[in-house]
Structures are given as C-alpha cells and as structure tokens.
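What follows is one structure encoded as structure tokens, with my remarks underneath.
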Amino acid sequence: MTTIDAQTLPAPAPADLLAWYDRHARRLPWRIGPAERGRGVTPDPYRVWLSEIMLQQTTVTAVKPYFEAFLDRWPDVAALAAAPSEEVMKAWAGLGYYSRARNLKAAAEAVAGTLGGKFPQTESGLAALPGIGSYTAAAIASIAFDQPAAVVDGNVERVLTRVFAVETPLPGAKSEIRRLQERLTPKARPGDYAQAMMDLGATICTPKRPACVLCPWEASCAAHAAGIEESFPRKAAKTARPERAGAAFVARREDGAILLRRRPDKGLLGAMTEVPGTDWLPVFSSDKALADAPFRADWQRTVAPVVHVFTHFRLTLDIYAAAPPRGFNLPEGHWWSPPDDLPGEALPSVMKKAIEAVHPGITRRRR
DNA sequence: AAAGCGTGGTC
DNA sequence: TGACCAAGCTT
C-alpha cells in the first residue's frame, strides 16, 4: 500500500509547462513551433489531421518519411480525396494498422465532398469522420483550431497518473484522467499546451528512466515525491500472446515476376497485398499446406520459417517456393508483379519478409 | 466493453 | 531475446 501526501505539493501550472515548451519544443515537419505561432502563423488542418492519424500508436521516427511522402504526393485534402485507394494503400504499406489508410481515404472524400473542402472545427464534427476518435478529435481541435479541448493520449495518461499518483489501473483510469486534463487545459494556447504534454511525455516523462530533474512539473509530481515514477501508470495484467501458423507460397515466373493477390477489404491486413497462402491457425498441419498452393509443382520449403509478431498473436509461416507450370491459369484476383513493381506494391511487412526469405532484396527499392 | 488491429525500436 | 512500447480507433 502506497500512500502519497499530495497535499503538500503545489498544483501543476500549465504556464510552467508552456514556458518549458517555448524553450524545448521538438521541431516536427507537421508542427508550427511556439515562436511562429506566437507571430500568428496557424497550422494547416490537413497536415495536422494527416500527422495525427499516422501517429496513432506509431513513433515519430516511423511517421516522418511517410508524412513527407504523402504531403509531396497529395499536398491537400482534395488531392488525397481524388487519389485511387490502391495508391494510398501502397503509400501506407509498412506503417501498419491499415484500417487507418482506408479511413483516411474515406475521411478525405467526406471533407473534400460533403463538407466543401473544410475540416470540421469542433470536436464532435471531427469525431464524426472515420478514423477520428476522442483523442484525435481533441488534438485537431486544439492544435489546428485553438480550441481548449482536453487531449488525452498515452503521454497524457503517463504524465498525469504520475503527477497525481493515480492508483486506478488503466484502462479504468481513463475517465479520471480526462477530468484532470479538462481541469488543467488552459483557454489560452490550448494547442501549444496539448503539444507540450506530448513533448513532455516523449522526452522527459518517459516510460522508463524519466528525466525528472529536467521536468517543469517536478515539484508538483506526487509520484516523483515518493520516488516511484516508473510504477505509473498502473496497468491491468495482460494476457499471453497466442501462436498461429500457416504457409505462404512464393511463386516466381522465369522473368522474375512474383504471384500476388489482394486480401479481403476488412480484417487483418485488410485490402493489402499478399502472396498466396493457407489460413493462419492455432494448430497448423504442414502436411496439408500444399493443398492450398496456387498450383501443383515441386514446392521447395525454405530451411527457416518466417516468424512475425502481430499485436495479438505470433505467426510462424512456412515458406514454399516454385515456378509455375506451363499453361498455368491466373486465378481470379491474382496478378504477376514484375521485380520493378514489387517495391511499390501494397505489401505489409510480413509479406515482404516472406518474399525476401526466398529472394533477398527483391522487395526493396533499388537506387 | 473486450478484442482485433502492425510495425520496428529498445533494453 | 522476449516483453514492452509508440500522438488509438472500431465493433
């Protein structure tokens, strides 16, 4: 039982956080920094939206190149709305959580169409768009439209559960954290405040080894006072990750083309591209794998299977390779992708691994 | 409302 | 090396 006497600590002041942000804000491609914003420069809602969708459960490092590529190719919401879905999926390949790309396209069409090219400026209006939930709606409303919306993401959860030593485990503590954030969010500079919370969580109030000496709220932090910062946020125990297994078939034509097909629109890796394969099952019998091959051939299994870890299961894939027989008829929904096209296909990472297991380097863009 | 949904980096 | 983690949303 931990008891923390928070009474003796001064309340965390948003002004102190903003002052810290003025000096230490990260420079990010989608961000208008505090100095510029102070001069009246306002962010482009399209860029804010695009970055927020990409940043969902995804690191800044992973997002940067994708953000730049999207912006180069589709500089505004009208351009994105007019883009073929296939091209958007290809451009998103490798970033993960592919429903985001499908929702991104749908939201762009709604904004460019029904909404007359303008993003909604209210939280509820934003949250009505596909792919925008409570966090993203609040983030866009505050950052792009300067509204005092309470932004609650993983960073905010970590910072506030530490500052206030919230004992309730996540996800149960969410409503409590929301109330704290509503109370703290300032009417002035709410967008900078939101981004300051993210920067604080990302650079100072980190999950491991937080740099409390550098924190503008050090004196107000109950967890720090008790010397137990790292134990927050409390979390419910998580269940073990189950195993699944299957087989994938890498068919290569004489000219080097690889046989591909499109996955169903919904579900795991929905609407993305894959090599033919079996279902992925908790109990997989490798004797029966060849029954699901795209054609009869002398399929050669690689020595080592491909192992890939998804959020909710671990996959072991046996990889088989063969050339198609003469007279092979292309099944519905399949196509031969020439080597030059492979790097640009909408292949998720697990599928690139499968292909690379047989043909190293073939899915990577040459230069 | 709990489960489904990716990937790559870190320690 | 495996567990944890990163600006969550949808059903």
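Order of the sequence lines fixes the chain letters, A, B, ..., with proteins taken first and strands second; residue numbering starts at 1 for each chain.
In this structure, A/Pro348 reaches the sugar-phosphate backbone alone: every heavy-atom distance under 4.0 Å involves primed, P, OP1 or OP2 atoms, never a base.
Listed pair A/His312 / B/dG4 fails the phosphate criterion, with no side-chain N or O lying under 4.0 Å from OP1 or OP2. Between A/His308 and the phosphate of B/dG6, there is no side-chain N or O to OP1/OP2 separation shorter than 4.0 Å.
A donor and an acceptor atom, one from each side chain of A/Glu345 and A/Trp335, are located under 3.5 Å apart. Side-chain contact check for A/Thr363 and A/Glu356: at least one donor-acceptor pair (N or O, by modelled atom type) lies under 3.5 Å. Residues A/Gln195 and A/Arg31 bring a donor and an acceptor atom of their side chains to less than 3.5 Å of each other.
Taking the side chain of A/Arg314 as heavy atoms from C-beta on, and the options C/dG2, B/dG6, B/dG8, the nearest nucleotide is C/dG2.
Straight-line distance from the CG atom of A/Leu269 to the P atom of B/dG4: 15 Å, rounded to whole Å. Following rounding to the nearest Å, A/Tyr98 (OH) and B/dG8 (P) show an atom-to-atom distance of 8 Å.
Grouping the Ile, Leu, Val, Met, Phe, Trp and Tyr side chains by contacts below 4.5 angstrom, directly or via other members, places A/Met351 apart from A/Trp299.
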Q. What string of B, S and - do you get for nucleotides 4-11 of chain C 5' to 3' if you count protein non-hydrogen atoms under 4.0 Å?
A. SSBBBSS-

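Tested against A/Trp30, the residues A/Ile143, A/Asp44, A/Val63 include a single side-chain contact (heavy atoms from CB on, under 4.5 Å) partner, A/Val63.
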